[in-house]
Chemist: 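Following this message is one structure expressed as structure tokens.
Quick note on labels: first sequence line is chain A, next is B, and so on, each numbered from 1.
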Protein chains: 2
Amino acid sequence: MKYTHTTAPTQFVEANGIRFAYRRFGQDSGTPLVLMPHFRAGMDHWDPAVTDGLAVSRPVVLFDNAGVAGSGGETPETIEAMANHAADFLNGLNLGRVDVLGFSIGGYIAQALALRHPEIVRQLVLVGTGPRGGEATHDPKVGELGASTDPSTGETGLEAFLYLFFRPSETSQAAGKAFWARRHMRKDDVDPPSSPQTMKAQRAAINAWREVRGERYSELKNIEQPTLVVNGNHDIMIPTINAYVLSQEIRRAQLILYPDSGHASLFQYPELFVAHCRMFLDDPPLFA
Amino acid sequence: MKYTHTTAPTQFVEANGIRFAYRRFGQDSGTPLVLMPHFRAGMDHWDPAVTDGLAVSRPVVLFDNAGVAGSGGETPETIEAMANHAADFLNGLNLGRVDVLGFSIGGYIAQALALRHPEIVRQLVLVGTGPRGGEATHDPKVGELGASTDPSTGETGLEAFLYLFFRPSETSQAAGKAFWARRHMRKDDVDPPSSPQTMKAQRAAINAWREVRGERYSELKNIEQPTLVVNGNHDIMIPTINAYVLSQEIRRAQLILYPDSGHASLFQYPELFVAHCRMFLDDPPLFA
């Protein structure tokens, strides 16, 4: 029996002194696709419609980075250190070259991983994210709502999540609620919520990432991997123009923006997103 | 035997006093896809890899608008008048509701058609184009090269075309030459080149379209059709930021930008473009 998003058991691997929680499902062979999630998120914050859709044609690996949710260790305060932890995890699992899908802060880490450990990364999918020193949000509610915590779960509550990740339109809000139901389908063997330490350290790392370092956007020229950049056309957390910038500066980047959607466009259009990802990732790629 | 791009005979239909040249091929049933080409171009300026690829799953209709190439009449000096001519042609053929793919000035006409005759247009594909009053090119060579004419053909020559429509990179230039060979595969029953009158009138229409009218970009809010916006990530003729603007302002717009490519990204990545178009146009659409 093949495992799926909801049935894959949580496993652990020790690497460089950290005990990493991970799950693997989908095809046994092919280039694995490794997913890196958003602020405060662990393995249970993905959309099964996305992960199982991608797993039809490749191995999919979810994991919690150091200190996050079910993994041991402490969450570090820089994106670069998070990328190094991710490399430790991937080397610990002996996965070889992988494709990496990074969402939000996970997209920052994916970029840093491709820059610091290029030999590990075959292709990149960057969703709802932006470059170092990108354009900041102008929405005054983002900071507060992003840190808000539902006391019954220890996580972001539904109302804050719908505001931050979806558009105010009826269609987008309905898609957000449908996603929320899908992501809670897994009932057993779930991650614990991330700790306040993780939130604080990730916040520090995000703030440091917002600072321009050297010539703005120049490090993007060093990303050689074919890259698919995806966002909603009105992201209030990491403004959509940042996705455009990524597509201008990364040499082999393709950009896709979805209508009537925000930060979580991949959860609003899971079928479309999976179809676009598979076109991009499948061998032989239509562009490379 | 089914016709293809190179074998479909040129036909004519009289509508509102104009004798329009057109060709039809591909499937007999389904929503027809009608293509509107770039500055000075007629039916022979498309890529058979694109048109035949799209025609696998729908009827494809090419035509010359009033005054252009093989059609009768004069080319008018406004985009709006060109859109009205296009509506005359479509009504003359009794095509019912169609999908429209507009490239460059053809994308301006497609927008005007959707705004002035919304009942005719089901979905829009806008390639290498921009909104009324968009951002102008900063490349000083575009005007001169766009008007240059190879005396042996009466059309834009290869060197100017490669500069204007492709990137300077080796890969993009090679793709441009491969396209040039494909587009000249049709040897018989070809269009005559467009006249100087067409070039002059189209130039006037383009200049008028560049002027902001009323609140900038506001008319885009009135385009209700699901719209796929496509460009290369570095278009020097209609700068790529204009495609981004279209995707911000048209309510149901999806944006796709291709790497290492310019104005003619659809001819650089014909298979990828056809796959993306078919995902967007096929019934049922994954978003609508």
Side-chain angles (χ1 to χ4, degrees), chain A residues 49 53 123-124 135 167 169-172 175 220 223-235 239-262 265-266 268-280 282 284-288, chain B residues 49 53 123-124 135 167 169-172 175 220 223-235 239-262 265-266 268-280 282 284-288:
Chain A
Q123 294 186 210
L124 279 174
E135 294 294 321
R167 294 286 298 158
S169 72
E170 205 174 308
T171 44
S172 186
L220 297 173
I223 296 182
E224 293 289 339
Q225 285 85 355
T227 301
L228 176 63
V229 183
V230 172
N231 206 350
N233 66 346
H234 291 286
D235 183 343
T240 304
I241 193 70
N242 290 291
Y244 181 80
V245 169
L246 290 172
S247 81
Q248 292 291 295
E249 304 294 336
I250 297 176
R251 194 169 66 84
R252 297 159 90 184
Q254 180 185 141
L255 174 68
I256 301 186
L257 300 182
Y258 295 120
D260 180 36
S261 52
S265 65
L266 77 173
Q268 180 160 345
Y269 301 102
E271 287 176 298
L272 190 56
F273 175 75
V274 166
H276 282 142
C277 274
R278 288 176 60 174
M279 275 178 62
F280 170 73
D282 282 357
L286 283 172
F287 84 95
Chain B
Q123 294 185 209
L124 279 174
E135 294 294 320
R167 295 285 298 157
S169 72
E170 204 173 308
T171 45
S172 186
L220 297 174
I223 296 182
E224 294 289 338
Q225 285 84 357
T227 301
L228 177 63
V229 182
V230 172
N231 207 350
N233 66 345
H234 291 286
D235 182 343
T240 303
I241 193 68
N242 290 291
Y244 181 80
V245 169
L246 290 172
S247 82
Q248 292 291 295
E249 303 294 337
I250 297 176
R251 194 168 67 81
R252 297 160 91 185
Q254 180 185 138
L255 175 67
I256 301 185
L257 300 182
Y258 296 119
D260 179 37
S261 53
S265 65
L266 78 172
Q268 181 160 343
Y269 301 103
E271 289 175 297
L272 189 58
F273 175 75
V274 166
H276 281 142
C277 273
R278 288 177 58 175
M279 276 181 60
F280 170 72
D282 282 357
L286 282 174
F287 85 93

Chemist: Taking only residues two or more places apart in sequence, or in another chain, which ones meet B:Glu249 in a side-chain hydrogen bond (donor to acceptor under 3.5 Å, both in side chains)?
Modeler: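 So B:Glu249 forms a side-chain hydrogen bond (donor to acceptor under 3.5 Å, both in side chains) with B:Lys221.
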Chemist: At their closest point, which heavy atom of B:Ser247 faces which heavy atom of A:Leu257, and how far apart are they?
Modeler: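 Smallest heavy-atom distance, with atoms named: OG-CD1, 4.0 Å.
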Chemist: Could you report the tightest heavy-atom contact between B:Ala253 and A:Pro259, atom names first, then the distance?
Modeler: O-CB, 3.1 Å
Chemist: Parallel, tilted or perpendicular, judged at 30° and 60°: which one describes the rings of A:Tyr244 and B:Tyr244?
Modeler: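 Ring orientation of A:Tyr244 relative to B:Tyr244: tilted.
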Chemist: With rounding to the nearest 0.5 angstrom, report the CG to CZ distance, B:Asp260 to A:Arg251.
Modeler: 7.0 Å
Chemist: Taking all heavy atoms of A:Ile256 and all of B:Gln254, pick out the closest pair and write down the distance.
Modeler: CG2-OE1, 4.3 Å
Chemist: Can you tell if the side chain of B:Leu255 reaches within under 4.5 Å of the side chain of A:Leu255, non-hydrogen atoms only?
Modeler: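 With C-beta onward as the side chain, the pair touches.
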Chemist: Can you tell me which portion of A:Thr240 sits under 4.5 Å from chain B's heavy atoms? Options are side chain, backbone, both or neither.
Modeler: both
